*Asks:* 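Handing you this structure, nothing more for now.
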Amino acid sequence: MEIKFYGGVGTIGGNTFMVEDGDTKIFLDFGQSFSYGEQFFTGWLGARERFGLKDHFALDLMPKIPGLYSPEALENTECSYCEPQYQGVFISHVHYDHLAHLSYLDPGIPVYMGETTLRILDSWETTGISGFGDHDYRTFRTGDVIKVDDMEVTPVHVDHSTPAAYGYIVHTGSGTLVYTGDLRLHGTHSHLTRDFIEQAAGAKPDIMICEGTRVAPEENRKNFTEQGVYDHSRKLLDDTDKLAFTCFYGRDVERMKTFHRLAKDTGRKFVVSTKTAHLLRILTDDPGIEVPDPFTDENMLIYCRHMNRYNKWEREFIDLEHCVDANYINSHQGDLIMQMDFIHFAELIDIMPEPSSLFIHSQSEPFQEDDIEDEVKHNWMDRFGLELHQAHASGHCSREEIFQIIREISPKKVYPVHTEFPELFKQELGTMVEIPTLAW
Ligand SMILES: [Zn+2]
């Protein structure tokens, strides 16, 4: 068994690992790292997507691998197209840093992901500007075993900041590999991660590919448990009769449920964006997950921004009784918790919240001190006199938990990925750790 690391090395996200056993070759994840191309791109300056992989290749941002990319992706490059040489791509969860490069993948290569993972991806593609191409999607649920030639791939659910996240156990003729994906132990579904650890340990793996997002020299950002997010926000809400805003990541369904519960328990209604409403709506009939239905739930409302033209998917929302506008928010301030994404801050001009309204920031604090977006966020807070509070539960295990998980699974060899500090693994765990290097 051979593993090639095409991404996720010394950086957070961009996981792209090729596992090869004889003639069988599969990929684990196909993502783009958060720092991707940052030496060349910023703000509106980005790769010219109309030229497929041309700019990515020219700037040495992506590897030129024959038999992997689609004809369209290669059309404007010096690489010529050839038939697929890989048998599958296995996606761990529906986050950009784990699947974004699917848009360049040859549609002849099957893409495996959880059933619910695909539903969420569909909603994301429908309501956002990102499209990841048409693929031969093959979905699974926990308990399924997928055979690829002589390889056996077993997805096992884990808890992360999006539903339907998986780790993988891969049996090959020449050894067993386990891959964590992204996982945590302090969320509402930590038993899922426990299941993965138990099964991974039982597989007695030769190799473990392990995430280490929070494996860093020191951690100075606040981290709550999911219940901690509830408790902290509950206290804030109990102490005010003003409007409360919140923001969270687009696919963090658990956080949506936390704020829904907060609204219900404090006699408020939870007002969500049309995007959030779309996602929750398509999950209402998913047997694997329980969510409130934004179209009918008595504790929910949907905020419809005033637009000259609505997207097709948004049009069915506009006439719903559950849809409200800025005037409604303005005249019911103390009765609401409202989702307010950064990109929609200009809505504050229409809503005109009373000074000292709450803003519960329920996503990561900025990674750098000189974060421009954070500065702009603060300017809006000041302009409207909003009180900013932080309440977020990370999607990732702490450093100590990661080391504990590795000890429990006890592989012969560990490759740290999805971390800026792989050498800390080596310091802690010694010779079992091999720091991966990029394969190109
Ligand atoms: Zn990730």
Side-chain angles (χ1 to χ4, degrees), residues 7-8 11-16 27 29-38 40-56 61-62 68-70 72-73 75-76 89-107 109 111-114 116-137 139 160-165 181-182 247-253 255-256 272-283 305 307 309-314 317 339 341-344 363-364 373 395 418:
T11 185
I12 295 181
N15 290 13
T16 309
F27 274 85
D29 278 334
F30 218 63
Q32 183 174 102
S33 75
F34 292 109
S35 57
Y36 185 82
E38 66 182 3
F40 301 110
F41 304 138
T42 183
W44 291 104
L45 170 60
R48 298 167 298 173
E49 291 307 323
R50 65 188 179 280
F51 293 143
L53 285 166
K54 180 178 186 180
D55 298 356
H56 304 264
L61 296 172
M62 277 178 71
L68 183 62
Y69 303 118
S70 67
E72 296 74 40
E75 200 181 329
N76 293 287
V89 173
F90 289 78
I91 299 299
S92 63
H93 62 279
V94 62
H95 276 162
Y96 198 82
D97 60 320
H98 293 256
L99 59 69
H101 288 166
L102 284 182
S103 48
Y104 309 118
L105 184 76
D106 192 311
I109 300 173
V111 177
Y112 297 87
M113 61 174 69
T116 305
T117 319
L118 183 57
R119 275 180 186 240
I120 299 172
L121 182 63
D122 271 345
S123 172
W124 186 7
E125 289 189 304
T126 304
T127 63
I129 50 167
S130 309
F132 302 104
D134 292 324
H135 296 286
D136 170 11
Y137 286 115
T139 59
H160 184 42
S161 47
T162 175
D182 287 350
C247 64
F248 42 80
Y249 292 118
R251 282 159 297 289
D252 194 345
V253 173
R255 192 61 41 81
M256 296 167 194
V272 296
S273 69
T274 48
K275 252 185 207 193
T276 296
H278 187 277
L279 173 59
L280 291 176
R281 178 70 175 176
I282 63 140
L283 290 175
R305 289 178 294 138
M307 311 269 266
R309 248 188 61 213
Y310 289 92
N311 293 306
K312 200 166 151 227
W313 64 269
E314 261 175 326
F317 293 12
Q339 176 187 6
D341 290 338
F342 179 69
I343 55 163
H344 293 148
Q363 54 194 59
S364 291
E373 195 175 296
H418 205 284

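Because the structure is a prediction, the values reported are computed rather than measured.
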*Asks:* If you compare all heavy atoms of Ser130 against all heavy atoms of Tyr96, which two are closest, and at what distance to 0.1 Å?
*Replies:* OG-CE1, 4.5 Å

*Asks:* Please evaluate residues Val111 and Leu99 with respect to the criterion side chain to side chain contact (heavy atoms under 4.5 Å, CB included), reporting the C-alpha separation (whole Å), side-chain torsions for both, the decisive distance (0.1 Å), and the verdict.
*Replies:* CA-CA 10 Å; Val111 177; Leu99 59 69; over 6 Å; no

*Asks:* Kindly say whether Asp252 contributes a backbone atom to a donor-acceptor pair with the side chain of Ser161 at under 3.5 angstrom?
*Replies:* no

*Asks:* What are the two closest heavy atoms between Pro107 and Asp134, and how far apart are they?
*Replies:* CB-O, 3.5 Å

*Asks:* Determine, stepwise, if the pair Leu121 / Ile91 fulfils side chain to side chain contact (heavy atoms under 4.5 Å, CB included).
*Replies:* CA-CA 11 Å; Leu121 182 63; Ile91 299 299; over 6 Å; no

*Asks:* Verify, without hydrogens or angle tests, whether Ser273 (side chain) and Thr276 (backbone) share a donor-acceptor contact under 3.5 angstrom.
*Replies:* yes

*Asks:* So that I know where these two stand, are His95 and Phe34 an aromatic pair - ring centroids less than 6.0 Å apart?
*Replies:* no

*Asks:* Atom CG in Asp182, atom CG in Asn15: separation rounded to 0.5 Å?
*Replies:* 6.5 Å

*Asks:* Are Asn76 and Arg48 close enough that some pair of their side-chain heavy atoms sits under 4.5 Å apart?
*Replies:* no

*Asks:* What do you reckon, are the aromatic ring centroids of His101 and Tyr36 less than 6.0 Å apart?
*Replies:* yes

*Asks:* Given Thr127 and Thr274, is the side chain to side chain contact (heavy atoms under 4.5 Å, CB included) satisfied, shown in steps?
*Replies:* CA-CA 9 Å; Thr127 63; Thr274 48; over 6 Å; no

*Asks:* Step through it carefully: locate the ring centre of Phe90, locate the ring centre of Tyr112, and say whether they are under 6.0 Å apart.
*Replies:* yes

*Asks:* Under the ring-ring contact (aromatic ring centres under 6.0 Å, His included) rule, collect the residues that match up with His98, sequence neighbours excluded.
*Replies:* His93, His418

*Asks:* Would you give the length of the straight line joining atom CH2 of Trp124 to atom CG of Leu279, rounded to the nearest 0.5 angstrom?
*Replies:* 11.0 Å

*Asks:* Would you call the rings of Phe317 and Trp313 parallel, tilted or perpendicular, where under 30° means parallel and over 60° means perpendicular?
*Replies:* perpendicular

*Asks:* Closest approach of Ala47 and His56, non-hydrogen atoms and distance?
*Replies:* CB-NE2, 3.5 Å

*Asks:* Evaluate the side-chain proximity of Phe27 to Ile109: yes if any heavy-atom separation is below 4.5 Å, no if none is.
*Replies:* no

*Asks:* Measure from the side-chain N and O atoms of Glu125 to the backbone N and O of Phe132, and report whether any donor-acceptor pair falls under 3.5 Å.
*Replies:* yes

*Asks:* Locate the shortest heavy-atom distance separating Ser103 from Ala100; write the atom from each residue and the value.
*Replies:* OG-O, 3.1 Å

*Asks:* Write down the atom of Tyr104, the atom of Ala73, and the distance for their closest heavy-atom approach.
*Replies:* O-CB, 3.8 Å

*Asks:* Between atom CD of Glu75 and atom NZ of Lys54, what is the distance when rounded to the nearest 0.5 Å?
*Replies:* 11.5 Å

*Asks:* Please check: side-chain N/O of Tyr310 versus main-chain N/O of Arg305, any donor-acceptor pairing under 3.5 Å?
*Replies:* yes

*Asks:* Hey, are the side chains of Phe41 and Leu61 touching, using non-hydrogen atoms and a 4.5 Å cut-off?
*Replies:* yes

*Asks:* For Asp122 and Tyr137, what are the C-alpha separation, side-chain angles and deciding distance, and is it a side chain to side chain contact (heavy atoms under 4.5 Å, CB included)?
*Replies:* CA-CA 11 Å; Asp122 271 345; Tyr137 286 115; 5.9 Å; no

*Asks:* To the nearest 0.5 Å, tell me how far Met62 CE sits from Gln32 CD.
*Replies:* 8.0 Å

*Asks:* Keeping the roles fixed (side chain from Arg251, backbone from Ile120), state whether a donor-acceptor pair exists under 3.5 Å.
*Replies:* no

*Asks:* Drop me the distance from His344's NE2 to Gln339's CD, to the nearest 0.5 angstrom.
*Replies:* 9.0 Å

*Asks:* Less than 4.5 Å apart, side chain to side chain, heavy atoms only: is that true for Leu280 and Val253?
*Replies:* yes

*Asks:* Strictly distance-based, threshold 3.5 Å: is any side-chain N or O of Arg255 a donor or acceptor partner for the main-chain N or O of Tyr249?
*Replies:* no

*Asks:* Can you give me the closest heavy-atom contact between Asp97 and Gly13, atom names plus distance?
*Replies:* OD2-CA, 3.3 Å

